[in-house]
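In what follows, residues are counted from 1 in the order of the sequence shown. Keep in mind it's a predicted model, so treat the numbers as computed, not measured. Read the numbers this way: they start at 1 and go in the same order the structure lists the ligands and their atoms.
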Amino acid sequence: MAIKFGRPIELRDAPRRQTDALASPSLDLTIRMRRNRKSEWARRLVRENVLTTDDLIWPIFVVDGHNARTPVASMPGVERLTVDQIVRDAERAAKLNIPCIALFPFTEPALRDEQGSEALNPDNLVCQAVRAIKKEFPDIGVLCDVALDPFTSHGHDGLIEGGKILNDETVAVLVKQALTQAEAGCDVIAPSDMMDGRIGAIREALDDNGFGDVQIMSYAAKYASAFYGPFRDAIGSAKTLTGDKRTYQMDSANSDEALREVELDIAEGADMVMVKPGMPYLDIVRRVKDHFAMPTFVYQVSGEYAMIAGAAANGWIDGERAMMESLVGFKRAGADGILTYFAPRAAEKIKAES
Ligand SMILES: NCc1[nH]cc(CCC(=O)O)c1CC(=O)O
Ligand SMILES: [Mg+2]
């Protein structure tokens, strides 16, 4: 039935009840959308999208030391954790039914160099954390980011020569980084570097080295974004980063280009694809999901978290409601899962309400 101005078009010539708008303000509406919103049970009944704990991946920052949790100033409520504390949070994740956690290291400045060599140290913080989590909680998924920026003195994701980020040389190092993480017991390799051809190279190396079961979640459409600022504080690359990442991360004005990026990563062997950031790129999430019907993930990045958590801390918005609204927005856009720093708080809320 075609509807115009609240009246089915088919009925437009039917005699209308004569009303005197002033004497009786009732409108002659056959269809009233508000009927389905009249009470909580009715709203639940027609609800189209639901966020569950199964949708959440929890990013966690690892730092060297013992029994310490240090707050990240630009991300209220988020801390850097030593490995023993990560294991505690892994337990919390397991109890909250969060399927997967993602690890990001704060590397001591003394361990950073031009080549990001610490990325290949089988005893680096990420590898230590993976082994510790897997030992205690083998059933929780562990995702590791592949990129050199936490390990390079210049803060870029790849090797630099003459001010240029080298593609193929970087991919060769990323392959070794991925193998190092797989050897430590990582379940999902997540390349976030945006070099061309890295998914295919990593897939081949994983398969050749007996890691055929290790999944790849590709940061396939990753944009050069101002919303990564607080993350760079958290991993300590904000101050050292020279220039920007626009020669490898995508231009925020582009949309078709995201489909080409995703298509290539799928062809190269990605098991899951990701769009990043989240809230300013919901249109990309929808296009990717509709176009490829792949397991599609979205990263609600540090700056998005900071906007909501910061505004809530100032009493400008209701933080809990804004959190849940932003997360269900990703589901509505077609995401199968969300990397979000809100993961434990959202899971607690979901648990309390079920
Ligand atoms: N390659 C590193 C990486 N992996 C995830 C994020 C950002 C995550 C966030 O902002 O929460 C970044 C930052 C960047 O590309 O500079
Ligand atoms: Mg690509």
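- Looking only at atom types and distance, the side chain of D233 has a donor-acceptor partner in the side chain of S74 under 3.5 Å away.
- Heavy-atom contacts from other residues, nucleotides or ligands closer than 6.0 Å to CD of E40 number more than 12.
- Counting heavy atoms only, Y341 comes closest to atom 11 (O) of ligand 1 of the residues Y341, Y228, F104.
- Considering only non-hydrogen protein atoms, atom 2 (C) of ligand 1 sits nearest to D149 OD2, 2.9 Å.
- For atom 14 (C) of ligand 1, the closest heavy atom belonging to the protein is K245 NZ, 3.4 Å.
- If you check which protein heavy atom lies closest to atom 8 (C) of ligand 1, you get F231 CD1, 3.4 Å.
- Ion pair E348/R92 flagged as a salt bridge, since at least one NZ, NE, NH1 or NH2 atom sits closer than 4.0 Å to an Asp/Glu carboxylate oxygen.
- Nearest non-hydrogen protein atom to atom 3 (C) of ligand 1 is K222 NZ, 3.4 Å.
- Residue R232 places at least one N or O, backbone or side chain, under 3.5 Å from an N or O of ligand 1.
- Residue Y299 places a heavy atom less than 4.0 Å from ligand 1.
- Short contacts between ligand 1 and A147, defined as distances under 4.0 Å to a heavy atom of the residue, involve ligand atoms 1 (N).
- With no hydrogens or angles considered, a side-chain donor-acceptor pair links S326 and Q300 at under 3.5 Å.
- Crowding of R43 atom CZ: a count of heavy atoms from other residues, nucleotides or ligands under 6.0 Å exceeding 12.
- For the pair Q249 and ligand 1, a heavy-atom separation below 4.0 Å is found.
- Ligand 1 lies nowhere less than 4.0 angstrom from a heavy atom belonging to D193.
- In this structure, atom 6 (C) of ligand 1 lies nearest to the protein heavy atom K276 NZ, 2.6 Å.
- Using the six-membered ring where Trp is involved, Y299 and Y219 have ring planes that are tilted, between 30° and 60° apart.
- When distances to the Mg ion (ligand 2) are checked against a cut-off of 2.8 Å, E261 contributes an N, O or S atom below that limit.
- Looking at Q181, its side chain does come within 3.5 Å of a backbone N or O of D145 through a donor-acceptor pair.
- Electrostatic pairing of R203 and D265 does not count as a salt bridge here, judged by no charged N lying under 4.0 Å from a carboxylate O.
- Residues L206 and L120 share a hydrophobic cluster, clusters being chains of Ile/Leu/Val/Met/Phe/Trp/Tyr side chains in contact below 4.5 Å.
- Annotation: atom 10 (O) of ligand 1 to nearest protein heavy atom, S302 OG, 2.7 Å.
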